[in-house]
Amino acid sequence: MSRTIIVSNRLPVKISKEEESFKLKLSEGGLATGLGSVYKQNDNIWIGWCGTEITEDNEKSQVTALLQKENLLPVFLSDEEILNYYEGFSNEILWPIFHYMSTYAQFEQKYWDYYQTVNEKFKNQVLAVAKPGDTIWIHDYQLLLLPKLIRDELKDVSIGFFQHIPFPSFELFRLIPWRAELLNGMLGADLIGFHTYDDVRHFTSSATRSIPVHATANIIQVADRNVLVDAFPMGIDATKFESLTKDNKVQEEISIYNEVLKDAKMILSVDRLDYSKGILQRLMAFEKVLTDNPEYIEKISLHMIVVPSRDNIPQYKELRDDIDKMVGNINARFRTSSWHPIHYFYRSFPVETLVALYSRADICLVTPMRDGMNLVSKEYIASRKDNGVLILSEMAGASKELADALIVNPNNLGEMYRAIIQALEMPEEEQKLRMLALKDVVNKFDIHHWVKIFMDQLKDVKVSEGIRKAKSVNAQTQETFIRQMQQAQKRVFFLDYDGTLVGFKAEIDKAYPDDELYELLNKLNTNSRNQLVIISGRKHETLEQWFGHLSIDLIAEHGAWHKMNGQRWATIPGLSDHWKTKVRAMLEAYSDRTPGSFIEEKRFSLAWHFRKVEKGLGELRANELESNLRYLTREMGLQVLAGNKVLEIKSSDINKGKAAFSYLLDKDFDFIMALGDDHTDEDTFQQLPQNAITIKVGSSVSAANYYINSVEEVRTLLKKFVV
């Protein structure tokens, strides 16, 4: 029976040692709650670091046995590994880069060495328990290498990866010296999830511009696999927070706050100490409210909770000191004998206290400079009854869902100031309408929904991948084809040229037909029941030179030109090439930067070839060029086609699929076969009838029904149809 294996940096427990034994305390975090429905079932497992250094073998055995009772499996890490892999690479390189704070990044080779070592440790622990057919769900930026490490060992497992922090734009991500290794690591997964579509876009752009992979929309092709990249906004356990508001302890704390604050309005801020949270900017906005609106003195107060984090690191210690100074200054300036403007707590609180604060707070101020999602905003909403105002940074992933909050730019002090004033003065009725809409979102898209849609999507991806992997053309399959052909009275063969009938040459004009190919085509053509159609991206002049003397039909330049029954060449009416001047300029700029590339001009298209370019460089340049061309061609009615070692720009009215479909109109073929090797042939495969035999050459990832490995195998197959 297949299982689900969850892998994250930390296990959802806290381990403490009391005398000679260890004790476990289960975490109450959102992720632990949501994934509890997964890892606690059947033989499922959660793998992660146990949270403390354990060196003695007998203690490791004791902890392992204790954790196994909870379906948990530990990875034991030394303090040195945590210092360099977690504090170092994860939090001094990835964290600042991914949160757009690149000046804080420390690119130490030692950090990278330990990051690789620890990811290998996690891989070994996964391999110790994983089996073919299992589903593995890997979490977050500490384990970016792990999907590929597992994929290299277990080809058939289903691997999902979810990143809980933002993914930066390419211009930021490219600063990381080991960016290619990180991207290749993530692309070992079948499904990669982020909180927002922006993150999906940034990742896809970084992948196609950093490593030689091709992307169509949010699908990235890696070797013979497709990797889906999608957005899955994470939720919270909304029911839990709502039910906690009725808890006696929570109600008691709310009463205490009411007694202390009386009619004063509470503004709440809850954060972990981090430079990405915008805490100082928030304080400046609050200070401006008091400075410019003295009527609010003694009428409002800011309750600010900052949870300690890494304050032994210089920039965090400096941030804490700056917060202390600013809070002290504001309180010194504005406090009265009976009122403090800011109640500042530098510690964590139990969830019951947080819910009491959420329930009492008239306004929740959530204004990070950059955040993957930010669940505080959702916890506040779930803890409200029917009113309250959420002020939310547009830089938090949650802003994409919580549109009825007051959305602000945390860098805009004036905008934050105006949002606080608007919230303080917002009519009760408007608060209720906004909060009702927000609660609907939070309740519907909760943590359980998030887990379900990710796992369902991962299953669908694996099923789709299995369906897409066309069946290999083996001996038994060939016999079936031959039998079907022999029974047919009228047959047609759609044959791509480059990469299908002949192999690729560095010089495109040297890929001319050889004697063996001519002999094969002539033999197939001697049977009156056979109709051969060469359907190619080649110039029509080239096809005429090579095949014009044969009694076969020719479709050139992806369908722009056709020659049927030995007649003259004809083209699609109304085609224009006025667009070439603009596009050619961009192609020439890329050719100047890419030694070995060249431009081929056809009557109605332009092609940028990189078959002679250094391996890797050509693919990178092509991905970059394709990305830039899409902006240029979008409004010109053009299409960018990524072929084998070529990018072609043509009218969107031209494609092989339309040409093949038009060819079949009013014809009654009872045997249809099509062979092709690149993206341009996918249109043909998709347009042909369901009973057609479609064969992809060189890859199993295709809309074709079958795949074959090489040009040599294509010729061997066609020879069997000579009867």
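Excluded from the calculations below are hydrogen atoms, water molecules and symmetry mates; all remaining heavy atoms, backbone and side chain alike, are included.
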>> Counting only heavy atoms not in Lys148 (residues, nucleotides, ligands), do more than 12 fall under 6.0 Å from its NZ?
In response: no
> Is the shortest heavy-atom distance from the side chain of Val441 to the side chain of Asp404 under 4.5 Å?
Replying inline: no
>> Ring-plane angle category for Phe194 and Phe167, please: parallel below 30°, perpendicular beyond 60°, tilted otherwise.
In response: perpendicular
>> Quick one, His303 and Leu261 - any side-chain contact, counting heavy atoms below 4.5 Å?
In response: yes
>> Keeping Gln251 on the side-chain end and Thr245 on the backbone end, is there a donor-acceptor pair under 3.5 Å?
In response: yes
> Taking all non-hydrogen atoms of both residues, which atom of Lys249 and which atom of Asp247 are closest, and how far apart?
Replying inline: N-OD2, 2.9 Å
> Minimum heavy-atom separation for Ile407 to Glu394, with atom names?
Replying inline: CG2-CB, 3.6 Å
>> Asn628 vs Leu632, test: side chain to side chain contact (heavy atoms under 4.5 Å, CB included). Steps then yes/no.
In response: CA-CA 7 Å; Asn628 289 332; Leu632 182 64; over 6 Å; no
> When you look at NZ of Lys265, are more than 12 heavy atoms from neighbouring residues, nucleotides or ligands closer to it than 6.0 Å?
Replying inline: yes
>> Under 3.5 Å, is there a donor on one side chain and an acceptor on the other for Asn9 and Tyr86?
In response: no
>> In terms of relative ring orientation, are Tyr358 and Phe241 parallel, tilted or perpendicular, with 30° and 60° separating the classes?
In response: tilted
> Is the backbone N or O of Gly133 less than 3.5 Å from a side-chain atom of Arg3, with the two atoms forming a donor-acceptor pair by type?
Replying inline: no
>> Taking the side chain as everything from C-beta on, heavy atoms only, tell me whether Asn44 gets closer than 4.5 Å to Gln41.
In response: yes
>> Between Leu94 and Ile176, is there a side-chain heavy-atom distance shorter than 4.5 Å?
In response: yes
>> Taking the ring of Tyr111 and the ring of Phe89, is the distance between their centroids below 6.0 Å?
In response: no
>> Any donor-acceptor pair under 3.5 Å linking the side-chain atoms of Glu428 with those of Asn387?
In response: yes
> Should we say atom CG of Asp263 is surrounded by more than 12 heavy atoms from elsewhere, each under 6.0 Å from it?
Replying inline: no
> Could Arg310 and Glu87 be called an ion pair, given the rule that one side-chain N must be under 4.0 Å from one carboxylate O?
Replying inline: yes
> Under 6.0 Å from the OH atom of Tyr100, do we count more than 12 heavy atoms belonging to anything else shown?
Replying inline: yes
> Does the side-chain hydrogen bond (donor to acceptor under 3.5 Å, both in side chains) test come out yes or no for Arg282 and Ser269, once each step is laid out?
Replying inline: CA-CA 9 Å; Arg282 201 174 308 158; Ser269 164; 2.6 Å; yes
>> When you measure from the side chain of Ser205 to the backbone of Arg201, do you find a donor-acceptor pair of N or O atoms at a distance under 3.5 Å?
In response: no
> Parallel, tilted or perpendicular for Phe345 and His343, by the 30°/60° rule?
Replying inline: parallel
> Taking the six-membered ring for Trp, are Tyr141 and Phe98 ring centroids under 6.0 Å apart?
Replying inline: no
> Are Phe161 and Leu191 close enough, and set up right, to give a side chain to side chain contact (heavy atoms under 4.5 Å, CB included), and what steps lead you there?
Replying inline: CA-CA 6 Å; Phe161 176 85; Leu191 174 64; over 6 Å; no
> Under the 3.5 angstrom rule, does the side chain of Glu626 hit a backbone N or O of Ala642 as a donor-acceptor pair?
Replying inline: no
> When Asp371 is tested against each of His195, His99, Lys277 for side-chain hydrogen bond (donor to acceptor under 3.5 Å, both in side chains), which residue passes?
Replying inline: Lys277
>> Does the structure place the NZ or CZ of Arg179 under 6.0 Å from the centre of the six-membered ring of Phe173, at an angle of no more than 45° from the ring's axis?
In response: no
> Can you say whether the rings of Trp46 and Tyr39 are parallel (under 30°), tilted (30 to 60°) or perpendicular (over 60°)?
Replying inline: perpendicular
> Looking at Gln422 and Leu406, what are the two nearest heavy atoms and their distance?
Replying inline: NE2-CD2, 3.5 Å
> Do Asp190 and Val227 come within less than 4.5 Å of each other through their side chains, counting heavy atoms only?
Replying inline: no
> Does a donor on one side chain sit under 3.5 Å from an acceptor on the other, for Tyr417 and Asn412?
Replying inline: no
> Would you say the side chains of Glu253 and Thr353 form a donor-acceptor pair under 3.5 Å?
Replying inline: yes
> Any sub-3.5 Å donor-acceptor pair from Asn184's side-chain atoms to Ala180's backbone N or O?
Replying inline: yes
> Is it the case that Asp199 and Thr196 place a side-chain donor and acceptor less than 3.5 Å from each other?
Replying inline: yes
>> Using only atom types and a distance under 3.5 Å, with no angle test, would you say the side chain of Ser627 pairs donor to acceptor with the backbone of Glu624?
In response: no
>> Using every non-hydrogen atom in the two residues, find where Ile420 and Ile267 come nearest and quote the distance to one decimal.
In response: CG2-CD1, 4.1 Å
> Do the side chain of Asp386 and the main chain of Lys432 share a donor and acceptor less than 3.5 angstrom apart?
Replying inline: no
>> Taking Leu187's backbone N and O only, do any of them form a donor-acceptor pair with Arg225's side chain (distance below 3.5 Å, no angle check)?
In response: yes
>> Test your reading of the model: is there a side-chain donor-acceptor pair from Asn293 to the backbone of Val289, 3.5 Å cut-off?
In response: yes
>> Can you see whether Asn258 engages Arg360 through a side-chain donor-acceptor pair at a distance of less than 3.5 angstrom?
In response: yes
> Would you call the rings of Trp450 and Phe162 parallel, tilted or perpendicular, where under 30° means parallel and over 60° means perpendicular?
Replying inline: perpendicular
> Any side-chain heavy atom of Leu143 sitting closer than 4.5 Å to one from Asn119?
Replying inline: yes
> If every non-hydrogen atom of Met395 is compared with every non-hydrogen atom of Pro368, which pair is closest and at what distance?
Replying inline: CB-O, 3.8 Å
>> Using the rule given for salt bridge (charged side-chain N to carboxylate O under 4.0 Å, His left out), can you reason through Asp446 versus Lys378, listing the C-alpha separation, both sets of side-chain angles and the distance that settles it, and then say yes or no?
In response: CA-CA 9 Å; Asp446 65 1; Lys378 296 187 175 185; over 6 Å; no
>> The test is side chain to side chain contact (heavy atoms under 4.5 Å, CB included); show your working for Asn42 and Asn71 and say whether it passes.
In response: CA-CA 9 Å; Asn42 306 319; Asn71 285 21; over 6 Å; no
> Side chains of Glu92 and Ile313: does their closest heavy-atom pair fall under 4.5 Å?
Replying inline: yes
>> Looking at Thr4, is its backbone amide N or carbonyl O close enough to the side chain of Asp134 to form a donor-acceptor pair, meaning the two atoms are under 3.5 Å apart?
In response: no
>> Rounded to the nearest 0.5 Å, what separates atom CG in Asp322 from atom CD1 in Ile279?
In response: 11.0 Å
>> If I compare all heavy atoms of Ala207 with all of Ile220, which pair ends up nearest, and what's the gap?
In response: CB-CD1, 4.0 Å
> Hey, mind stepping through Val306 and Arg272 against side chain to side chain contact (heavy atoms under 4.5 Å, CB included) and telling me if it holds?
Replying inline: CA-CA 5 Å; Val306 177; Arg272 184 172 59 84; over 6 Å; no
>> Taking the six-membered ring for Trp, are Phe454 and Trp137 closer than 6.0 Å centroid to centroid?
In response: yes
> Would you say Leu280 and Leu319 make side-chain contact, with heavy atoms under 4.5 Å?
Replying inline: yes
